[in-house]
Amino acid sequence: MGSIKLDNVSKSFGEASVIPSLDLDITSGEFVVFVGPSGCGKSTLLRLIAGLEDVSGGRIIIDGEDVTENAPAARGLAMVFQSYALYPHMSVRNNIAFPLKMAGMDKAEIARKVNEAARVLNLTDYLERKPRQLSGGQRQRVAIGRAIVRQPLAFLFDEPLSNLDAALRVNMRLEISELHQQLKTTMIYVTHDQVEAMTMADKIVVLNKGNIEQVGSPLELYRSPRNLFVAGFIGSPRMNFITGQTAAHYGAHTIGVRPEHIDVSLGQGTWSGRVTIAEHLGSDTFVHVNVDGIGSVGARVSGDFAVSHGDRVSLTPQEGRTHLFNSEGLRIQVLPSMMEKFQQA
Ligand code: ADP
Ligand code: MG
């Protein structure tokens with residue numbers, strides 16, 4: 001239960017087309033992340049699924065049933081927002097119980113469900129507190145608890161961690177992933193943060209201007225990005241893109257190579273240049289190298305590698321890790337034997 005299908009869904013606000021036309025299949029129990037830059041239509045798409053916005057065209061199908069015309073409450077979905085929207089005067093217990101009370105559920109049954117949700121979310125000791133007596137992460141868990149007790153067919157999260165500080169975000173990311181493993185309920189999670197997408201998703205949907213650029217598992221997108229947009233969006237630090245003479249040499253309009261797929265040495269290599277900046281993260285160091293005839297290229301080396309501003313280094317893209325793109329920005333599939341030919345050309 002909890003499969004969701006979008007069939008030719010479109011959305012315009014007045015003249016402005018925010019989602020031109022979109023098809024998507026979400027399997028029951030999947031953790032799907034919608035990721036893309038701010039303003040690309042992620043929230044709009046989620047709100048269309050929730051029924052908080054009407055579609056301009058197309059159909060939304062949940063578990064085989066066309067729900068396009070159904071009100072939000074009739075869709076069996078639960079939404080968790082970035083702003084927790086808790087009732088400040090109510091205890092945690094009553095905040096979580098609220099949707100069940102509204103539905104007229106039996107008191108004992110409500111208590112059982114609230115206690116169970118609190119257990120799953122580690123909120124048992126906080127049930128009698130007011131929201132203001134909680135940390136940001138705890139408040140977010142209360143908001144999730146309120147969604148859990150409704151036993152929805154799917155959870156819809158809209159950037160739920162954006163208000164939290166970096167350390168807490170990492171924590172909550174793990175908690176939500178664990179929650180998904182326990183509940184095995186379909187989750188759709190919206191974020192602009194590709195790290196959240198990579199670490200949490202079974203399936204990532206990369207959105208750009210209301211269009212799907214690619215759908216795939218985190219490693220599929222990382223290893224085989226369909227085009228320049230996905231290649232540049234997935235992976236941190238970002239993939240290097242090289243155009244012009246060097247790329248033409250490889251038989252491509254643009255070549256792309258990730259910083260972690262470039263070997264750096266003080267000896268001979270494919271490219272040579274001078275280090276402009278070395279960012280020391282401890283575990284590894286990110287070097288920006290001004291390569292002769294190419295320009296700035298980023299490479300990642302082990303934190304033990306001694307390198308600093310002004311050093312002359314060689315860079316060598318690792319075999320089989322170079323991505324080639326044509327003039328339309330689409331990735332070209334290249335066989336290793338072709339690659340050799342390109343390099344000799
Ligand atoms: P995201 O969540 O990816 O940042 P949104 O879905 O919020 O993007 O917005 C996508 C586009 O739709 C933006 O250009 C935004 O200004 C526009 N938009 C969203 N909601 C409305 C609305 N109610 N009326 C008009 N334009 C809207
Ligand atoms: Mg949004």
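Both counts, for ligands and for their atoms, begin at 1 and track the order of listing.
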SB check Glu175 Arg141 (cutoff 4.0 Å): yes
Taking 4.0 angstrom as the limit, do Arg300 and Asp263 come out as a salt bridge? no
If you take all heavy atoms of Ser10 and Pro20, which pair is closest and at what distance? CB-O, 3.0 Å
Just say parallel, tilted or perpendicular for the rings of Phe286 and His288, cut-offs at 30° and 60°. perpendicular
Do NZ/NE/NH1/NH2 and the carboxylate oxygens of Glu116 and Lys113 come within less than 4.0 Å? no
Euclidean distance, Leu123 CG relative to Leu121 CG, rounded to 0.5 Å: 5.5 Å
Could you tell me the residue and atom name of the protein heavy atom closest to atom 7 (O) of ligand 1, and the distance to it rounded to 0.1 Å? Ser43 CB, 3.8 Å
Please check atom 27 (C) of ligand 1 for a protein heavy-atom neighbour under 4.0 Å. yes
With the threshold set strictly below 4.0 angstrom, can you tell me whether any protein non-hydrogen atom sits that near atom 16 (O) of ligand 1? no
Is there a polar contact, in the sense of an N or O pair closer than 3.5 Å, between Glu53 and ligand 1? no
Using a 4.0 Å heavy-atom threshold (strictly under), name the region of Thr44 that reaches ligand 1: side chain, backbone, both or neither. both
Tell me: protein heavy atom nearest atom 12 (O) of ligand 1, and distance? Val18 CG2, 3.2 Å
Does one side chain, of Asp158 or Ser43, offer a donor that lies under 3.5 Å from an acceptor on the other? yes
Is the shortest distance from a heavy atom of Ser38 to ligand 1 less than 4.0 Å? yes
Of all protein heavy atoms, the one nearest atom 13 (C) of ligand 1 is Gly39 O, 3.9 Å
For atom 18 (N) of ligand 1, what's the nearest protein heavy atom and its distance? Phe13 CE1, 3.5 Å
Is Ser43 close enough to the Mg ion (ligand 2) to have an N, O or S atom under 2.8 Å? yes
